[in-house]
2 protein chains.
Amino acid sequence: MPDAPVRVLLADDEPLVRSGLRLILDAEPDLEVVGEAGDGARAVELARSLRPDVVCMDVRMPGVDGLRATELVLRLPEPPRVLVVTTFEHDGYVLDALTAGASGFLLKRAGADEMVQAVRTVAVGQSLLYPQALRDLVRTRPRAASGAPALTPREREVLALVAQGMTNAEIATALVVGVETVRTHVASVLGKLRARDRTQAVVLGYRAGLVEL
Amino acid sequence: MPDAPVRVLLADDEPLVRSGLRLILDAEPDLEVVGEAGDGARAVELARSLRPDVVCMDVRMPGVDGLRATELVLRLPEPPRVLVVTTFEHDGYVLDALTAGASGFLLKRAGADEMVQAVRTVAVGQSLLYPQALRDLVRTRPRAASGAPALTPREREVLALVAQGMTNAEIATALVVGVETVRTHVASVLGKLRARDRTQAVVLGYRAGLVEL
DNA sequence: GGAGATATCCCCCGACCGGGGGAGGGGCGG
DNA sequence: CCGCCCCTCCCCCGGTCGGGGGATATCTCC
(Lines give C-alpha, C1' and ligand atoms only; values in the text may rest on other atoms or scores of the structure.)
Protein backbone atom coordinates (compact mmCIF):
# COMPACT_ATOMS: atom_id res chain seq x y z
CA MET A 1 0.00 0.00 0.00
CA PRO A 2 2.01 2.94 -1.22
CA ASP A 3 -0.92 5.27 -0.58
CA ALA A 4 -0.75 8.04 1.95
CA PRO A 5 -2.08 6.86 5.29
CA VAL A 6 -5.67 7.54 6.25
CA ARG A 7 -5.74 10.57 8.53
CA VAL A 8 -8.01 10.06 11.52
CA LEU A 9 -9.41 12.51 14.07
CA LEU A 10 -10.69 11.13 17.37
CA ALA A 11 -13.57 12.83 19.19
CA ASP A 12 -14.51 11.46 22.60
CA ASP A 13 -14.81 13.10 25.98
CA GLU A 14 -13.06 10.20 27.70
CA PRO A 15 -9.28 10.60 27.43
CA LEU A 16 -8.93 6.89 28.08
CA VAL A 17 -11.09 5.97 25.13
CA ARG A 18 -9.07 8.28 22.92
CA SER A 19 -5.83 6.73 24.11
CA GLY A 20 -7.18 3.25 23.47
CA LEU A 21 -8.35 4.12 19.99
CA ARG A 22 -5.12 5.88 19.21
CA LEU A 23 -3.16 2.84 20.26
CA ILE A 24 -5.24 0.55 18.09
CA LEU A 25 -5.25 2.75 15.03
CA ASP A 26 -1.67 3.98 15.16
CA ALA A 27 -0.52 0.38 15.26
CA GLU A 28 -1.65 0.12 11.63
CA PRO A 29 0.84 1.48 9.13
CA ASP A 30 -1.90 2.73 6.84
CA LEU A 31 -3.74 4.68 9.54
CA GLU A 32 -2.60 7.80 11.31
CA VAL A 33 -4.32 9.55 14.18
CA VAL A 34 -3.77 13.24 13.54
CA GLY A 35 -5.70 14.75 16.41
CA GLU A 36 -8.00 14.34 19.38
CA ALA A 37 -10.99 16.36 20.56
CA GLY A 38 -12.74 16.19 23.92
CA ASP A 39 -16.01 17.72 22.82
CA GLY A 40 -18.06 18.44 19.72
CA ALA A 41 -17.05 22.04 19.26
CA ARG A 42 -13.38 21.16 19.37
CA ALA A 43 -14.01 18.28 16.97
CA VAL A 44 -15.51 20.59 14.39
CA GLU A 45 -12.67 23.03 14.84
CA LEU A 46 -10.00 20.36 14.41
CA ALA A 47 -11.84 18.81 11.49
CA ARG A 48 -11.59 22.16 9.74
CA SER A 49 -7.93 22.79 10.50
CA LEU A 50 -6.52 19.27 10.29
CA ARG A 51 -8.64 18.11 7.34
CA PRO A 52 -8.69 14.44 8.37
CA ASP A 53 -10.09 11.71 6.12
CA VAL A 54 -12.15 10.14 8.87
CA VAL A 55 -13.54 11.39 12.17
CA CYS A 56 -14.31 8.83 14.88
CA MET A 57 -17.11 10.54 16.75
CA ASP A 58 -18.55 9.65 20.11
CA VAL A 59 -22.25 10.39 20.51
CA ARG A 60 -22.24 11.53 24.10
CA MET A 61 -20.04 14.50 24.62
CA PRO A 62 -20.41 17.62 26.74
CA GLY A 63 -21.57 20.77 24.98
CA VAL A 64 -22.02 20.08 21.31
CA ASP A 65 -22.84 16.38 21.12
CA GLY A 66 -21.75 13.93 18.49
CA LEU A 67 -24.85 14.23 16.35
CA ARG A 68 -24.73 17.98 16.13
CA ALA A 69 -20.99 17.84 15.57
CA THR A 70 -21.51 15.35 12.76
CA GLU A 71 -23.85 17.74 10.99
CA LEU A 72 -21.42 20.59 11.40
CA VAL A 73 -18.42 18.60 10.29
CA LEU A 74 -20.24 17.45 7.16
CA ARG A 75 -20.99 21.01 6.26
CA LEU A 76 -17.30 21.79 5.90
CA PRO A 77 -15.91 22.02 2.38
CA GLU A 78 -14.67 18.57 1.34
CA PRO A 79 -15.87 17.07 4.58
CA PRO A 80 -14.31 13.99 6.13
CA ARG A 81 -16.27 10.79 6.55
CA VAL A 82 -17.76 10.45 9.98
CA LEU A 83 -17.74 7.16 11.83
CA VAL A 84 -19.96 7.34 14.89
CA VAL A 85 -18.85 5.23 17.81
CA THR A 86 -21.10 4.54 20.74
CA THR A 87 -21.44 2.34 23.77
CA PHE A 88 -25.05 1.30 23.62
CA GLU A 89 -26.88 -0.63 20.96
CA HIS A 90 -30.30 0.59 21.57
CA ASP A 91 -30.28 4.29 21.61
CA GLY A 92 -32.25 5.68 18.73
CA TYR A 93 -29.07 7.49 17.81
CA VAL A 94 -28.37 5.28 14.85
CA LEU A 95 -31.11 6.73 12.72
CA ASP A 96 -30.33 10.27 13.79
CA ALA A 97 -26.66 9.84 13.12
CA LEU A 98 -27.23 8.39 9.68
CA THR A 99 -29.74 11.09 8.85
CA ALA A 100 -27.13 13.60 9.90
CA GLY A 101 -24.95 12.03 7.25
CA ALA A 102 -22.64 9.72 9.16
CA SER A 103 -20.98 7.03 7.06
CA GLY A 104 -20.96 4.42 9.74
CA PHE A 105 -22.00 3.37 13.17
CA LEU A 106 -19.88 1.18 15.37
CA LEU A 107 -20.10 -0.12 18.92
CA LYS A 108 -17.27 0.52 21.32
CA ARG A 109 -17.29 -3.08 22.33
CA ALA A 110 -16.12 -3.93 18.85
CA GLY A 111 -12.72 -5.51 18.73
CA ALA A 112 -9.59 -3.81 17.48
CA ASP A 113 -9.91 -5.61 14.15
CA GLU A 114 -13.38 -4.35 13.58
CA MET A 115 -12.40 -0.85 14.55
CA VAL A 116 -9.54 -0.83 12.12
CA GLN A 117 -11.61 -2.33 9.33
CA ALA A 118 -14.35 0.16 9.99
CA VAL A 119 -12.03 3.12 9.58
CA ARG A 120 -10.63 1.69 6.38
CA THR A 121 -14.12 0.98 5.06
CA VAL A 122 -15.45 4.46 5.56
CA ALA A 123 -12.18 5.87 4.29
CA VAL A 124 -12.78 4.28 0.88
CA GLY A 125 -16.30 5.66 0.86
CA GLN A 126 -18.47 2.76 1.87
CA SER A 127 -21.01 2.86 4.65
CA LEU A 128 -20.89 0.56 7.60
CA LEU A 129 -23.11 -0.51 10.46
CA TYR A 130 -23.07 -3.05 13.17
CA PRO A 131 -25.30 -5.89 12.10
CA GLN A 132 -28.07 -5.22 14.59
CA ALA A 133 -28.38 -1.65 13.43
CA LEU A 134 -28.84 -2.79 9.87
CA ARG A 135 -31.45 -5.30 10.94
CA ASP A 136 -33.31 -2.57 12.80
CA LEU A 137 -33.24 -0.34 9.77
CA VAL A 138 -34.50 -3.07 7.51
CA ARG A 139 -37.08 -4.32 9.95
CA THR A 140 -38.97 -1.08 10.39
CA ARG A 141 -39.27 -0.59 6.66
CA PRO A 142 -42.49 -0.98 4.79
CA ARG A 143 -42.37 -4.66 4.16
CA ALA A 144 -43.09 -6.29 0.87
CA ALA A 145 -45.84 -8.04 2.75
CA SER A 146 -46.82 -11.50 1.71
CA GLY A 147 -50.47 -10.77 2.29
CA ALA A 148 -50.45 -7.90 -0.18
CA PRO A 149 -53.22 -7.98 -2.76
CA ALA A 150 -52.04 -8.96 -6.23
CA LEU A 151 -52.24 -5.90 -8.46
CA THR A 152 -51.67 -6.13 -12.18
CA PRO A 153 -48.67 -4.23 -13.56
CA ARG A 154 -50.90 -1.55 -14.97
CA GLU A 155 -52.70 -1.18 -11.67
CA ARG A 156 -49.44 -0.77 -9.78
CA GLU A 157 -48.41 1.83 -12.30
CA VAL A 158 -51.64 3.73 -11.83
CA LEU A 159 -51.41 3.46 -8.06
CA ALA A 160 -47.92 4.89 -8.18
CA LEU A 161 -49.21 7.93 -10.03
CA VAL A 162 -52.16 8.26 -7.69
CA ALA A 163 -49.61 8.30 -4.89
CA GLN A 164 -47.97 11.26 -6.58
CA GLY A 165 -51.18 13.12 -6.02
CA MET A 166 -52.17 13.11 -9.69
CA THR A 167 -55.79 13.36 -10.83
CA ASN A 168 -57.27 10.75 -13.13
CA ALA A 169 -56.99 13.17 -16.03
CA GLU A 170 -53.29 13.73 -15.39
CA ILE A 171 -52.66 10.04 -15.08
CA ALA A 172 -54.47 9.47 -18.36
CA THR A 173 -52.21 11.98 -20.05
CA ALA A 174 -49.13 10.48 -18.45
CA LEU A 175 -50.02 6.97 -19.56
CA VAL A 176 -51.42 8.07 -22.91
CA VAL A 177 -54.78 6.41 -22.41
CA GLY A 178 -58.31 7.63 -21.92
CA VAL A 179 -59.54 8.93 -18.58
CA GLU A 180 -62.09 6.10 -18.51
CA THR A 181 -59.33 3.57 -18.56
CA VAL A 182 -57.67 5.20 -15.62
CA ARG A 183 -60.98 5.24 -13.79
CA THR A 184 -61.32 1.52 -14.38
CA HIS A 185 -57.86 0.79 -13.05
CA VAL A 186 -58.35 3.03 -10.06
CA ALA A 187 -61.65 1.36 -9.32
CA SER A 188 -60.01 -2.01 -9.41
CA VAL A 189 -57.18 -0.92 -7.18
CA LEU A 190 -59.69 0.46 -4.71
CA GLY A 191 -61.51 -2.83 -4.74
CA LYS A 192 -58.43 -4.95 -4.24
CA LEU A 193 -57.08 -2.78 -1.45
CA ARG A 194 -60.51 -2.39 0.10
CA ALA A 195 -60.03 1.34 -0.03
CA ARG A 196 -62.91 3.76 -0.28
CA ASP A 197 -61.03 6.50 -2.01
CA ARG A 198 -57.66 7.23 -3.52
CA THR A 199 -56.27 8.59 -0.29
CA GLN A 200 -56.91 5.33 1.51
CA ALA A 201 -55.54 3.50 -1.51
CA VAL A 202 -52.25 5.36 -1.18
CA VAL A 203 -51.96 4.68 2.53
CA LEU A 204 -52.95 1.04 2.30
CA GLY A 205 -50.81 0.56 -0.77
CA TYR A 206 -47.87 2.05 1.03
CA ARG A 207 -48.36 -0.16 4.05
CA ALA A 208 -48.63 -3.19 1.82
CA GLY A 209 -45.33 -2.26 0.21
CA LEU A 210 -46.97 -1.68 -3.16
CA VAL A 211 -45.88 1.92 -3.54
CA GLU A 212 -43.00 4.09 -2.47
CA LEU A 213 -43.54 7.47 -0.99
CA MET B 1 -1.64 -10.53 10.75
CA PRO B 2 -0.93 -14.03 11.89
CA ASP B 3 -4.58 -15.00 11.41
CA ALA B 4 -5.70 -17.58 8.91
CA PRO B 5 -6.71 -15.91 5.65
CA VAL B 6 -10.35 -15.11 5.00
CA ARG B 7 -11.79 -17.84 2.77
CA VAL B 8 -13.91 -16.41 -0.04
CA LEU B 9 -16.36 -18.07 -2.42
CA LEU B 10 -17.26 -16.24 -5.64
CA ALA B 11 -20.70 -16.64 -7.20
CA ASP B 12 -21.29 -14.96 -10.56
CA ASP B 13 -22.50 -16.28 -13.89
CA GLU B 14 -19.88 -14.27 -15.75
CA PRO B 15 -16.55 -16.09 -15.79
CA LEU B 16 -14.85 -12.81 -16.51
CA VAL B 17 -16.23 -11.18 -13.42
CA ARG B 18 -15.11 -14.13 -11.35
CA SER B 19 -11.63 -13.94 -12.79
CA GLY B 20 -11.45 -10.24 -12.10
CA LEU B 21 -12.58 -10.64 -8.53
CA ARG B 22 -10.23 -13.55 -7.99
CA LEU B 23 -7.34 -11.48 -9.23
CA ILE B 24 -8.19 -8.62 -6.94
CA LEU B 25 -8.82 -10.70 -3.85
CA ASP B 26 -6.02 -13.22 -4.25
CA ALA B 27 -3.57 -10.36 -4.49
CA GLU B 28 -4.20 -9.74 -0.79
CA PRO B 29 -2.25 -12.02 1.51
CA ASP B 30 -5.06 -12.17 4.05
CA LEU B 31 -7.73 -13.17 1.53
CA GLU B 32 -8.04 -16.46 -0.29
CA VAL B 33 -10.54 -17.36 -2.99
CA VAL B 34 -11.42 -20.98 -2.36
CA GLY B 35 -14.02 -21.56 -5.04
CA GLU B 36 -16.19 -20.20 -7.82
CA ALA B 37 -19.81 -20.88 -8.73
CA GLY B 38 -21.62 -19.97 -11.95
CA ASP B 39 -25.15 -20.14 -10.58
CA GLY B 40 -27.05 -20.02 -7.32
CA ALA B 41 -27.48 -23.75 -6.88
CA ARG B 42 -23.79 -24.37 -7.29
CA ALA B 43 -23.04 -21.53 -4.89
CA VAL B 44 -25.11 -23.12 -2.16
CA GLU B 45 -23.50 -26.47 -2.81
CA LEU B 46 -19.98 -25.06 -2.62
CA ALA B 47 -20.83 -22.99 0.42
CA ARG B 48 -21.75 -26.20 2.17
CA SER B 49 -18.72 -28.18 1.15
CA LEU B 50 -16.03 -25.52 1.18
CA ARG B 51 -17.29 -23.66 4.26
CA PRO B 52 -16.01 -20.24 3.21
CA ASP B 53 -16.03 -17.24 5.53
CA VAL B 54 -17.52 -14.92 2.93
CA VAL B 55 -19.56 -15.45 -0.23
CA CYS B 56 -19.48 -12.75 -2.89
CA MET B 57 -22.85 -13.19 -4.51
CA ASP B 58 -24.11 -11.74 -7.78
CA VAL B 59 -27.81 -10.97 -7.86
CA ARG B 60 -28.57 -11.96 -11.43
CA MET B 61 -27.72 -15.56 -12.09
CA PRO B 62 -29.46 -18.24 -14.13
CA GLY B 63 -31.60 -20.74 -12.25
CA VAL B 64 -31.46 -19.97 -8.56
CA ASP B 65 -30.75 -16.25 -8.35
CA GLY B 66 -28.56 -14.47 -5.85
CA LEU B 67 -31.35 -13.56 -3.46
CA ARG B 68 -32.70 -17.07 -3.18
CA ALA B 69 -29.17 -18.42 -2.95
CA THR B 70 -28.45 -15.98 -0.13
CA GLU B 71 -31.39 -17.30 1.84
CA LEU B 72 -30.30 -20.88 1.29
CA VAL B 73 -26.68 -20.24 2.14
CA LEU B 74 -27.64 -18.53 5.38
CA ARG B 75 -29.66 -21.55 6.38
CA LEU B 76 -26.54 -23.70 6.47
CA PRO B 77 -25.08 -24.54 9.86
CA GLU B 78 -22.50 -21.87 10.76
CA PRO B 79 -23.28 -19.94 7.60
CA PRO B 80 -20.76 -17.69 5.90
CA ARG B 81 -21.36 -13.97 5.59
CA VAL B 82 -22.89 -12.99 2.28
CA LEU B 83 -21.72 -9.93 0.40
CA VAL B 84 -24.08 -9.17 -2.46
CA VAL B 85 -22.49 -7.59 -5.50
CA THR B 86 -24.52 -6.03 -8.26
CA THR B 87 -24.22 -3.82 -11.29
CA PHE B 88 -27.13 -1.49 -10.88
CA GLU B 89 -27.85 0.90 -8.09
CA HIS B 90 -31.53 0.95 -8.29
CA ASP B 91 -32.82 -2.47 -8.39
CA GLY B 92 -35.02 -2.85 -5.36
CA TYR B 93 -32.73 -5.74 -4.63
CA VAL B 94 -31.00 -4.01 -1.78
CA LEU B 95 -33.89 -4.29 0.59
CA ASP B 96 -34.65 -7.84 -0.48
CA ALA B 97 -31.06 -8.91 -0.11
CA LEU B 98 -30.73 -7.40 3.33
CA THR B 99 -34.01 -8.89 4.40
CA ALA B 100 -32.71 -12.22 3.20
CA GLY B 101 -29.86 -11.69 5.62
CA ALA B 102 -26.99 -10.43 3.50
CA SER B 103 -24.25 -8.65 5.41
CA GLY B 104 -23.44 -6.19 2.72
CA PHE B 105 -24.27 -4.77 -0.65
CA LEU B 106 -21.65 -3.54 -3.05
CA LEU B 107 -21.62 -2.18 -6.60
CA LYS B 108 -19.48 -3.83 -9.22
CA ARG B 109 -18.21 -0.49 -10.26
CA ALA B 110 -16.50 -0.23 -6.89
CA GLY B 111 -12.75 -0.12 -7.09
CA ALA B 112 -10.44 -2.92 -6.05
CA ASP B 113 -9.74 -1.20 -2.74
CA GLU B 114 -13.39 -1.01 -1.88
CA MET B 115 -13.92 -4.60 -2.86
CA VAL B 116 -11.10 -5.79 -0.66
CA GLN B 117 -12.19 -3.65 2.25
CA ALA B 118 -15.73 -4.88 1.86
CA VAL B 119 -14.72 -8.51 2.13
CA ARG B 120 -12.62 -7.81 5.19
CA THR B 121 -15.42 -5.81 6.76
CA VAL B 122 -18.07 -8.48 6.43
CA ALA B 123 -15.50 -11.08 7.46
CA VAL B 124 -15.15 -9.44 10.87
CA GLY B 125 -18.91 -9.34 11.20
CA GLN B 126 -19.84 -5.80 10.31
CA SER B 127 -22.45 -4.83 7.76
CA LEU B 128 -21.69 -2.71 4.77
CA LEU B 129 -23.52 -0.81 2.08
CA TYR B 130 -22.70 1.54 -0.69
CA PRO B 131 -23.57 5.02 0.51
CA GLN B 132 -26.55 5.52 -1.76
CA ALA B 133 -28.16 2.35 -0.47
CA LEU B 134 -27.84 3.55 3.07
CA ARG B 135 -29.30 6.89 2.13
CA ASP B 136 -32.23 5.15 0.49
CA LEU B 137 -32.81 3.09 3.60
CA VAL B 138 -32.72 6.15 5.77
CA ARG B 139 -34.51 8.43 3.34
CA THR B 140 -37.94 6.91 3.38
CA ARG B 141 -38.23 7.25 7.12
CA PRO B 142 -40.20 9.99 8.78
CA ARG B 143 -37.77 12.85 8.72
CA ALA B 144 -37.48 15.38 11.46
CA ALA B 145 -37.50 17.88 8.66
CA SER B 146 -36.49 21.42 9.45
CA GLY B 147 -38.22 22.91 6.45
CA ALA B 148 -41.59 21.47 7.38
CA PRO B 149 -44.47 23.92 7.24
CA ALA B 150 -45.74 24.92 10.67
CA LEU B 151 -49.16 23.39 11.17
CA THR B 152 -51.31 24.27 14.16
CA PRO B 153 -52.10 21.45 16.58
CA ARG B 154 -55.62 21.17 15.24
CA GLU B 155 -54.37 21.03 11.68
CA ARG B 156 -51.96 18.24 12.48
CA GLU B 157 -54.81 16.40 14.13
CA VAL B 158 -57.00 16.80 11.09
CA LEU B 159 -54.19 15.80 8.76
CA ALA B 160 -53.65 12.65 10.78
CA LEU B 161 -57.27 11.68 10.29
CA VAL B 162 -57.15 12.56 6.61
CA ALA B 163 -54.19 10.20 6.41
CA GLN B 164 -56.42 7.49 7.81
CA GLY B 165 -58.53 7.92 4.72
CA MET B 166 -61.42 9.54 6.54
CA THR B 167 -63.88 11.87 4.80
CA ASN B 168 -64.49 15.36 6.14
CA ALA B 169 -67.77 14.21 7.61
CA GLU B 170 -66.11 11.37 9.49
CA ILE B 171 -63.42 13.65 10.77
CA ALA B 172 -66.05 16.09 11.95
CA THR B 173 -67.76 13.33 13.90
CA ALA B 174 -64.47 12.13 15.32
CA LEU B 175 -63.47 15.60 16.48
CA VAL B 176 -67.00 16.58 17.50
CA VAL B 177 -67.09 19.69 15.38
CA GLY B 178 -68.99 20.76 12.30
CA VAL B 179 -68.03 19.61 8.82
CA GLU B 180 -67.39 23.21 7.88
CA THR B 181 -64.72 23.47 10.52
CA VAL B 182 -63.00 20.42 9.17
CA ARG B 183 -63.17 21.85 5.68
CA THR B 184 -61.49 25.01 6.92
CA HIS B 185 -58.68 23.07 8.56
CA VAL B 186 -58.20 20.85 5.56
CA ALA B 187 -58.10 23.91 3.32
CA SER B 188 -55.42 25.44 5.45
CA VAL B 189 -53.39 22.27 5.53
CA LEU B 190 -53.61 22.07 1.74
CA GLY B 191 -52.43 25.64 1.51
CA LYS B 192 -49.51 25.21 3.85
CA LEU B 193 -48.34 21.99 2.25
CA ARG B 194 -48.97 23.34 -1.25
CA ALA B 195 -51.10 20.30 -1.91
CA ARG B 196 -53.97 20.29 -4.39
CA ASP B 197 -55.98 17.61 -2.72
CA ARG B 198 -56.01 15.46 0.37
CA THR B 199 -54.06 12.68 -1.29
CA GLN B 200 -51.15 15.00 -1.99
CA ALA B 201 -51.51 16.38 1.50
CA VAL B 202 -51.01 12.93 2.96
CA VAL B 203 -47.96 12.18 0.84
CA LEU B 204 -46.35 15.57 1.39
CA GLY B 205 -47.24 15.52 5.07
CA TYR B 206 -45.68 12.13 5.40
CA ARG B 207 -42.52 13.21 3.66
CA ALA B 208 -42.34 16.27 5.87
CA GLY B 209 -42.57 14.06 8.93
CA LEU B 210 -45.90 15.57 9.93
CA VAL B 211 -47.87 12.33 9.90
CA GLU B 212 -47.23 8.70 10.52
CA LEU B 213 -48.53 6.06 8.18
C1' DG C 1 -61.12 -23.46 -29.36
C1' DG C 2 -62.99 -21.70 -25.16
C1' DA C 3 -62.19 -19.70 -20.41
C1' DG C 4 -59.97 -16.26 -17.94
C1' DA C 5 -57.29 -12.40 -17.12
C1' DT C 6 -55.83 -7.81 -18.75
C1' DA C 7 -56.32 -3.45 -20.89
C1' DT C 8 -58.89 -0.40 -23.34
C1' DC C 9 -63.08 2.59 -23.95
C1' DC C 10 -68.21 4.32 -23.08
C1' DC C 11 -72.53 6.43 -20.28
C1' DC C 12 -75.14 8.09 -16.04
C1' DC C 13 -75.36 9.99 -11.57
C1' DG C 14 -75.01 11.12 -6.76
C1' DA C 15 -71.64 12.36 -3.48
C1' DC C 16 -67.69 14.40 -1.96
C1' DC C 17 -64.13 17.73 -2.50
C1' DG C 18 -61.83 22.22 -2.84
C1' DG C 19 -61.98 27.38 -3.79
C1' DG C 20 -64.23 31.66 -3.14
C1' DG C 21 -66.19 34.45 -0.03
C1' DG C 22 -67.61 35.96 5.23
C1' DA C 23 -68.17 35.99 10.41
C1' DG C 24 -67.91 35.37 15.38
C1' DG C 25 -65.28 34.28 19.86
C1' DG C 26 -61.15 33.31 22.75
C1' DG C 27 -56.33 33.76 23.99
C1' DC C 28 -51.75 35.90 23.84
C1' DG C 29 -48.27 39.36 23.21
C1' DG C 30 -46.92 43.97 21.95
C1' DC D 1 -56.03 47.85 24.69
C1' DC D 2 -55.67 46.35 20.14
C1' DG D 3 -54.11 43.35 16.80
C1' DC D 4 -53.04 38.62 15.59
C1' DC D 5 -53.68 33.84 15.52
C1' DC D 6 -56.44 29.91 16.32
C1' DC D 7 -60.80 27.54 16.26
C1' DT D 8 -65.37 27.52 15.10
C1' DC D 9 -69.38 27.88 11.79
C1' DC D 10 -71.95 29.45 7.35
C1' DC D 11 -73.19 29.83 1.87
C1' DC D 12 -72.33 29.01 -3.21
C1' DC D 13 -70.47 26.51 -6.99
C1' DG D 14 -67.82 23.87 -10.29
C1' DG D 15 -64.92 20.02 -10.64
C1' DT D 16 -63.49 15.58 -9.47
C1' DC D 17 -64.43 11.19 -7.70
C1' DG D 18 -66.41 6.59 -7.21
C1' DG D 19 -70.22 3.17 -8.13
C1' DG D 20 -73.39 1.17 -11.36
C1' DG D 21 -74.07 -0.63 -15.60
C1' DG D 22 -71.72 -2.07 -20.15
C1' DA D 23 -68.52 -3.27 -24.62
C1' DT D 24 -64.29 -4.79 -27.28
C1' DA D 25 -59.57 -6.59 -28.23
C1' DT D 26 -55.51 -9.24 -26.97
C1' DC D 27 -53.10 -12.82 -24.60
C1' DT D 28 -52.24 -16.98 -22.18
C1' DC D 29 -53.27 -21.29 -20.46
C1' DC D 30 -55.60 -25.42 -20.54
Side-chain angles (χ1 to χ4, degrees), chain A residues 144-211 213, chain B residues 63 92 145-213:
Chain A
S146 39
L151 299 188
T152 70
R154 202 52 159 173
E155 285 164 356
R156 271 193 300 277
E157 206 172 344
V158 170
L159 178 56
L161 297 179
V162 169
Q164 302 293 319
M166 295 174 77
T167 67
N168 289 337
E170 288 169 334
I171 296 172
T173 305
L175 298 182
V176 200
V177 293
V179 194
E180 305 85 2
T181 305
V182 175
R183 302 175 111 272
T184 307
H185 290 312
V186 170
S188 103
V189 169
L190 293 179
K192 289 181 179 177
L193 294 181
R194 294 183 208 287
R196 280 183 319 190
D197 54 60
R198 46 182 61 235
T199 304
Q200 274 195 357
V202 170
V203 174
L204 296 174
Y206 171 74
R207 287 184 187 156
L210 295 169
V211 278
L213 294 187
Chain B
S146 38
L151 299 187
T152 70
R154 203 53 162 175
E155 285 164 356
R156 272 192 300 276
E157 207 171 344
V158 170
L159 178 55
L161 298 178
V162 169
Q164 302 293 319
M166 295 172 78
T167 67
N168 289 338
E170 288 169 333
I171 295 172
T173 305
L175 297 182
V176 200
V177 294
V179 196
E180 305 83 3
T181 305
V182 177
R183 304 175 112 274
T184 307
H185 290 312
V186 171
S188 86
V189 169
L190 293 179
K192 288 181 179 177
L193 293 181
R194 293 185 212 287
R196 279 183 318 190
D197 53 61
R198 56 222 284 113
T199 304
Q200 275 195 357
V202 170
V203 174
L204 296 175
Y206 171 75
R207 288 184 185 155
L210 296 169
V211 277
E212 297 294 315
L213 295 187

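Computed over heavy atoms, backbone and side chain alike; hydrogens, waters and symmetry mates excluded. The chains referred to below are lettered A, B, ... by the order of the sequence lines, with proteins before strands, and numbering in each begins at 1.
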* Going by modelled atom types, is there a donor-acceptor pair between the base of D/dG18 and the side chain of A/Arg183 at under 3.5 Å? ->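 Indeed there is one.
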* To do: Answer yes or no: side-chain N or O of B/Thr152 and base N or O of D/dC7 forming a donor-acceptor pair under 3.5 Å.
  =>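 Counting by modelled atom types and ignoring angles, no donor-acceptor contact under 3.5 Å is found here.
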Taking the side chain of [X] as its heavy atoms from C-beta onward, which of [options] lies nearest to it?
| X | options | answer |
| --- | --- | --- |
| B/Val177 | D/dC17, D/dT8, C/dC17 | D/dT8 |
| A/Thr167 | D/dG18, C/dC10, D/dT16 | D/dT16 |
| B/Arg198 | C/dG19, C/dC17, D/dG18 | C/dC17 |
| B/Pro153 | C/dA7, D/dG18, D/dC7 | D/dC7 |

Given [N], is OP1 or OP2 found less than 4.0 Å from the side-chain N or O atoms of [X]?
| X | N | answer |
| --- | --- | --- |
| B/Thr181 | D/dC9 | yes |
| B/His185 | D/dT8 | yes |
| A/Arg154 | C/dT8 | yes |
| B/Arg196 | C/dG18 | no |

* **Residue pair B/Ala150 / B/Lys192: nearest heavy atoms and the distance that separates them** =>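 That closest heavy-atom pairing would be O-NZ, 3.2 Å.
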* **Shortest non-hydrogen contact from A/Ala174 toward A/Leu161** =>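 For A/Ala174 and A/Leu161, the tightest heavy-atom pair comes out as CB-CD1, 4.3 Å.
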Euclidean distance, [Y] [atom2] relative to [X] [atom1], rounded to 0.5 Å:
| X | Y | atom1 | atom2 | result |
| --- | --- | --- | --- | --- |
| A/Arg198 | A/Ile171 | CZ | CD1 | 5.5 Å |
| A/Asp197 | B/Met166 | CG | CE | 11.5 Å |
| A/Arg154 | A/Thr181 | CZ | OG1 | 8.5 Å |

Nucleotide [N], atom [atom2] - distance to [atom1] of [X] in whole Å:
| X | N | atom1 | atom2 | result |
| --- | --- | --- | --- | --- |
| B/Met166 | C/dC16 | CE | P | 14 Å |
| A/Glu155 | C/dA5 | CD | C1' | 11 Å |
| A/Leu175 | C/dC9 | CG | P | 10 Å |
| A/Asn168 | C/dC9 | CG | C1' | 14 Å |
| A/Gln200 | C/dC17 | CD | P | 11 Å |
| B/Leu193 | C/dG18 | CG | C1' | 15 Å |
| B/Glu180 | C/dG19 | CD | P | 17 Å |
| A/Ile171 | D/dT16 | CD1 | C1' | 12 Å |

* Hey, which sits more toward the 5' end of DNA chain D by its nearest nucleotide, A/Thr184 or A/Val179? =>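 That would be A/Val179.
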